[in-house]
2 protein chains.
Amino acid sequence: MNQPSYVRIATDLRTRIANGSLPPGTRLPARHQMAEEYGAAEGVVRQATETLVREGLLVSRPGAGTFVRERPQPRQFRRSWYYERRNGSPFARLMEEQGRHGVWEHRSDTMQAPPEVRDRLGLAAPDGGEHDVMCTRYVFRDEGDASPWTVSTSWEPLDLTKGTPIAFPEAGPHGGLGVTHRMAAIGVDVDAWREEVWARPASREEAQQLGIGAGSIVTVIERAYFAGERVVEVCDIIVPAESTRAVYSGPVGEERGHVRP
Amino acid sequence: MNQPSYVRIATDLRTRIANGSLPPGTRLPARHQMAEEYGAAEGVVRQATETLVREGLLVSRPGAGTFVRERPQPRQFRRSWYYERRNGSPFARLMEEQGRHGVWEHRSDTMQAPPEVRDRLGLAAPDGGEHDVMCTRYVFRDEGDASPWTVSTSWEPLDLTKGTPIAFPEAGPHGGLGVTHRMAAIGVDVDAWREEVWARPASREEAQQLGIGAGSIVTVIERAYFAGERVVEVCDIIVPAESTRAVYSGPVGEERGHVRP
DNA sequence: TCGAATTTGTGCGTATGTATC
DNA sequence: GGATACATACGCACAAATTCG
């Protein structure tokens with residue numbers, strides 16, 4: 001079975017990265033040079049390196065070169081159900097558990113929810129152009145780390161929070177605390193969560209924000225928090241797929257309620 | 001802001017697919033024809049269609065053409081913690097809940113566990129070439145559906161199951177039942193599970209098995225079942241990322257134990 | 001500081017092999 | 001078997017970013 005050249009080259013590079021003969025940070029020879037070394041055309045080498053860029057093993061920077069990626073310690077993004085109802089920020093807590101120090105930036109704006117978010121929040125049809133959600137964008141980082149852990153976007157319905165001290169998630173007396181904490185402060189009892197996990201190629205903007213190669217893969221976690229039947233928050237959590245694993249765990253046993261279809 | 005041609009073409013195709021003017025099953029014009037229509041080179045059109053193939057929107061078949069993908073109903077792969085400890089096969093049950101009918105093929109072999117599996121199962125160093133795990137490969141399908149939901153590979157340590165009626169997961173009186181059921185039959189009390197979720201480009205073989213385009217993305221779910229501190233099964237579950245979402249949900253509350261780091 | 005060399009990203013055109021119809 | 005279409009491969013050119021003397 002004869003493999004295409006670009007697959008052979010990709011495999012060769014992959015093994016040389018794996019066995020350490022191409023350590024992180026190494027700059028690969030230029031395209032034309034590798035083409036000569038492998039006895040192949042430049043386009044073929046390009047296909048091979050693009051493959052490894054999508055796999056997260058290489059990064060290319062125009063004008064600079066193609067580099068073996070500095071692999072951050074494998075990141076564990078624990079998503080366990082027992083997390084909330086504790087003090088402090090959930091992300092800060094997650095990082096502390098791994099001996100890291102979490103920091104983040106955010107920006108909150110009111111807006112009219114786009115149709116897809118509307119649907120997830122169970123909002124009625126829009127009333128003219130009126131703003132009906134608080135949208136907050138986050139970038140979460142480990143203080144010592146160059147590239148962020150995740151970029152996230154959260155939406156909360158204004159009919160719940162407008163005029164309350166928690167309307168802005170990161171401001172006021174409960175600023176920066178978890179959703180369940182903040183909601184409890186206005187008498188909303190968050191009793192369940194639900195997350196849908198999938199993956200897709202990163203957009204150009206996401207790849208840049210997360211410091212990953214163009215076209216590489218992001219894991220998408222779509223979270224919802226519930227108070228009874230009411231959805232009180234939804235959030236899109238975007239993480240680089242090749243360096244971060246979402247970890248779920250729990251007991252084996254009978255159904256105990258609090259599960260959303 | 002001037003975008004590259006292949007991005008423009010990809011965006012154009014994406015919107016035409018989204019708004020229904022290129023319905024599922026449509027065959028796109030041949031590359032050389034599209035190149036003429038867009039006033040671009042063939043290579044550029046190829047870049048554009050390859051992008052959409054990776055996104056799961058197109059499939060190309062050599063000699064036949066490039067087609068808008070028949071989008072299966074969005075698949076929900078529920079992974080909730082309360083699933084087990086019920087009668088029947090977990091997959092059959094999952095499908096029933098969605099009004100489908102699950103079927104599957106399998107093949108079991110004893111083998112010596114590869115290092116990575118060894119590590120996950122907590123096995124000691126290999127003893128010569130002796131077989132120490134039962135490896136079972138599955139293909140799970142919806143009876144009415146062309147492409148499988150998932151291909152999975154399960155490993156169970158033989159020092160637990162060898163010589164017992166459950167040594168072959170799909171044979172004997174407990175064949176086809178869930179891991180917790182089968183283990184209970186030999187007195188092993190499975191009390192916790194843990195899943196790591198991430199994603200990567202599909203291998204050629206996986207893409208073919210799952211009926212997705214070359215280079216498109218698979219979600220990987222690495223599952224472990226625990227009996228106390230002992231890992232009694234590990235399983236790699238591979239699903240097409242663009243059509244399947246892993247769904248986790250649970251209550252909000254305090255830690256209740258049964259969680260594995 | 002600036003300019004020259006280098007490198008990637010993008011684009012063009014062509015040719016051949018192989019699968020499909 | 002012939003026509004068609006994609007996969008692979010070759011080679012070239014230019015713009016933009018980066019590097020380095």
Side-chain angles (χ1 to χ4, degrees), chain A residues 1-13 22 25-54 57-69 201-205 207-208 211-216, chain B residues 1-13 22 25-54 57-69 201-205 207-208 211-216:
Chain A
M1 162 127 158
N2 217 352
Q3 284 191 320
S5 299
Y6 75 93
V7 174
R8 276 195 317 99
I9 298 176
T11 305
D12 180 56
L13 291 174
L22 287 174
T26 307
R27 197 188 96 182
L28 297 187
R31 256 193 338 222
H32 65 89
Q33 193 174 340
M34 294 185 65
E36 201 175 1
E37 288 170 15
Y38 282 109
E42 281 195 31
V44 175
V45 173
R46 193 177 57 86
Q47 260 185 294
T49 55
E50 273 176 357
T51 303
L52 297 210
V53 166
R54 281 195 291 273
L57 296 175
L58 298 178
V59 182
S60 323
R61 301 211 320 275
T66 301
F67 301 84
V68 179
R69 190 135 182 278
S203 71
R204 294 194 158 200
E205 189 191 355
Q208 210 213 343
I212 57 182
S216 51
Chain B
M1 164 129 153
N2 218 353
Q3 284 188 319
S5 301
Y6 75 93
V7 174
R8 277 196 316 98
I9 298 175
T11 305
D12 180 56
L13 291 173
L22 286 174
T26 308
R27 197 188 95 183
L28 297 187
R31 269 214 297 258
H32 64 89
Q33 192 175 338
M34 294 185 65
E36 200 175 3
E37 288 169 14
Y38 282 108
E42 280 195 34
V44 175
V45 173
R46 191 178 58 87
Q47 267 184 291
T49 54
E50 271 176 357
T51 304
L52 298 210
V53 165
R54 280 194 291 272
L57 296 174
L58 297 178
V59 180
S60 9
R61 303 212 316 276
T66 301
F67 301 84
V68 179
R69 189 136 183 280
S203 71
R204 294 193 159 199
E205 188 192 356
Q208 211 213 342
I212 59 182
S216 49

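Chain naming here is simple, since letters A, B, ... match the order of the sequence lines and numbering starts at 1 in each.
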Which atoms form the tightest heavy-atom contact between A:P201 and A:G215, and what is the distance?
-> CB-O, 4.3 Å
Provide the closest heavy-atom pair for A:V68 versus A:L58 in the form atom of the first, atom of the second, distance.
-> CA-CD2, 3.8 Å
Starting from the 5' end of DNA chain D, give me the residue, B:G65 or A:G63, whose nearest nucleotide shows up first.
-> B:G65
Within this structure, what is the CG-to-P distance between B:L28 and D:dA5, rounded to whole angstrom?
-> 12 Å
Minimum heavy-atom separation for A:V44 to A:I9, with atom names?
-> CG1-CD1, 3.9 Å
Readout for nucleotides 9-17 of chain C: B = base within 4.0 Å of protein heavy atom, S = sugar-phosphate only, - = neither; 5' to 3' it is BBSB-----
Could you tell me the separation between the NE2 atom of A:H32 and the C1' atom of C:dT8, rounded to a whole number of Å?
-> 11 Å
Can we say A:R46 and A:E50 salt-bridge, meaning some charged N sits less than 4.0 Å from an Asp/Glu carboxylate O?
-> yes
Least distance between heavy atoms, B:G211 atom then B:R69 atom | O-NH2, 3.5 Å
Taking atom P of D:dC10 as reference, at what distance in whole Å does atom CE of A:M34 sit?
-> 14 Å
For B:R54 and B:S216 the tightest heavy-atom approach is O-CB, 3.5 Å
